[in-house]
Amino acid sequence: MATGRLLTRDDFSAPATTVAPGLIGAVIEAHGVRARIIETEAYQGIEDRACHASRGRTARTEVLFGECGVLYVYLCYGMHALLNLVCDREGVPAAVLLRAVDITHGLSVARQRRGIPDGASARLANGPAKLTQALGITLRHHGLRLGEPGCPLRVRLGQALGERVCGRRVGVDYAGSCALRPWRWWESGYPLAARPTPVSGR
DNA sequence: CTCTAGATCTAT
DNA sequence: TAGATCTAGAGG
């Protein structure tokens, strides 16, 4: 199956709010699993209170301030590895969180990693922690750069099948007014997208 | 040191 | 709707 050109660090030099919608429909591949990206979220700048770097430069957030095209993987809720791709120029903390993918190749491997023997592939990777598990991405991939030897992740250009719709980000109610920013994108009408409408309350 | 709040998922 | 599970970052 034909795929587009490989994305390199230059493709991530724009702000995350620009890169995130463009990644909808892109194809990622890692450890024998290939998938189409169907949901992303942007975290942009020191003033974005939902961004981990909003509290300043720390050991954990260091890569967010560094060069773009780098993997920012962190542990969420003590058990889930979430995958981000660093964006924007050096000194400006920004990243795109990959929230959901549709697995097209390597389904059996993905099922195995997810501990789901068979059946519904629809829910195999429709969540930020599910997709890292399916793709075999862990904390030890944190800090790797796209394209460098040893980086298992490849991203290629791809087309969105439906409209690119945006809405509120998920799980960032603590971020005050920043939580209202429409910085989540997904493919409209796509049956696999995690949540058709932004959560309220929660 | 100790404490606590998470960019979640799953089963109940 | 709660429990699993753990670390960065803040406060003493």
Side-chain angles (χ1 to χ4, degrees), chain A residues 12 15-17 19-21 23-24 28 35 37-66 68 70-88 92-103 110-143 153 166-186 192-202:
Chain A
F12 296 87
T17 47
V19 176
L23 286 178
I24 299 298
I28 59 171
I37 298 174
I38 59 177
E39 186 180 356
T40 59
E41 252 175 23
Y43 291 85
Q44 179 64 41
I46 200 85
E47 64 288 336
D48 177 10
R49 288 177 53 201
C51 182
H52 287 162
S54 65
R55 303 270 183 184
R57 202 159 178 152
T58 66
R60 177 221 211 173
T61 62
E62 185 61 29
V63 303
L64 288 173
F65 291 86
C68 58
V70 169
L71 278 59
Y72 170 55
V73 187
Y74 77 97
L75 193 65
C76 185
Y77 295 111
M79 56 189 76
H80 303 300
L82 303 205
L83 171 63
N84 299 252
L85 293 167
V86 176
C87 297
D88 217 322
V92 180
V96 172
L97 168 69
L98 302 187
R99 289 196 56 91
V101 300
D102 177 16
I103 298 173
R111 285 205 183 92
Q112 195 174 336
R113 293 203 181 104
R114 292 271 294 112
I116 297 174
D118 48 47
S121 62
R123 301 189 169 182
L124 215 45
N126 62 334
K130 292 176 169 186
L131 78 86
T132 55
Q133 191 179 18
L135 290 165
I137 298 298
T138 66
L139 292 184
R140 72 173 196 283
H141 299 114
H142 173 70
L153 195 71
C166 67
R168 288 178 53 178
R169 292 179 291 184
V170 175
V172 295
D173 287 351
Y174 61 84
S177 61
C178 291
L180 301 176
R181 293 175 176 175
W183 285 0
R184 180 166 61 105
W185 286 267
W186 67 94
L192 303 185
R195 299 170 176 79
T197 55
V199 293
S200 59
R202 188 183 171 52

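Naming convention: chains lettered A, B, ... in sequence-line order (proteins, then strands); numbering from 1 in each chain.
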Over how many whole Å does the gap from [X] atom [atom1] to [N] atom [atom2] extend?
X: A:R123; N: B:dA11; atom1: CZ; atom2: C1'; result: 13 Å
X: A:N84; N: B:dG6; atom1: CG; atom2: P; result: 17 Å
X: A:R181; N: B:dA7; atom1: CZ; atom2: P; result: 16 Å
X: A:Q133; N: C:dA4; atom1: CD; atom2: P; result: 18 Å
X: A:Y74; N: B:dG6; atom1: OH; atom2: P; result: 11 Å
X: A:H80; N: C:dT5; atom1: NE2; atom2: C1'; result: 9 Å

Not counting sequence neighbours, which residues clear side chain to side chain donor-acceptor pair (under 3.5 Å) with [X]? List them please.
X: A:R114; value: A:Q133
X: A:Q112; value: none
X: A:N84; value: none

- request: Identify whether any heavy atom of A:R114 sits under 4.0 Å from a base atom; if not, whether one sits that close to sugar-phosphate; answer base, sugar-phosphate or nothing.
  value: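 Here A:R114 touches the backbone only, sparing every base.
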- prompt: Heavy atoms under 4.0 Å, any strand shown: does A:A129 hit a base, just sugar-phosphate, or nothing?
  reply: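 Here A:A129 touches the backbone only, sparing every base.
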By side chain to side chain contact (heavy atoms under 4.5 Å, CB included) - contacts of [X] (at least two apart):
X: A:L75; answer: A:L139
X: A:T40; answer: A:A20, A:L23, A:I24, A:I37, A:V96, A:L98, A:W185
X: A:H52; answer: A:R60, A:T61, A:L64, A:Y72, A:Y74

- request: Tell me, please, which residues at least two apart from A:R49 pass salt bridge (Lys or Arg N to Asp or Glu O under 4.0 Å).
  value: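 Partners of A:R49 under the salt bridge (Lys or Arg N to Asp or Glu O under 4.0 Å) test: none.
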field: A:R99 side chain near B:dT8 phosphate (N/O to OP1/OP2, under 4.0 Å)
entry: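 Indeed, a polar side-chain atom of A:R99 lies that close.
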query: Distance check: side-chain N/O of A:R168 vs OP1/OP2 of B:dA7, anything under 4.0 Å?
result: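 Checking B:dA7 against A:R168, no side-chain N or O comes under 4.0 Å of OP1 or OP2.
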query: Which dot-bracket notation, 5' to 3', represents the base pairing of DNA chain B when pairs are defined as Watson-Crick or G-U with both distances under 3.5 Å, crossing pairs as [ ], and inter-strand pairs as |?
result: ||||||.||||.
For nucleotides 6-12 of chain C, tabulate all protein N/O to nucleotide N/O atom pairs closer than 3.5 Å, reporting atom names and distance.
unit_1	atom_1	unit_2	atom_2	d
C:dC6	O4'	A:G78	O	3.1
C:dG9	OP1	A:T58	OG1	2.3
C:dG9	OP2	A:T58	OG1	3.1

- request: Measure across A:R169 and A:D48 and return the closest heavy-atom pair with its distance rounded to 0.1 Å.
  value: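 Taking A:R169 first and A:D48 second, the nearest heavy atoms are NH1-OD2, 2.8 Å.
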message: Test your reading of the model: is there a side-chain donor-acceptor pair from A:E41 to the backbone of A:V170, 3.5 Å cut-off?
response: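 Between the backbone of A:V170 and the side chain of A:E41 there is a qualifying donor-acceptor contact (under 3.5 Å).
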query: Planes under 30° and centres closer than 5.5 Å, is that true for A:Y43 with the base of B:dA7?
result: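 Stacking between A:Y43 and B:dA7: present.
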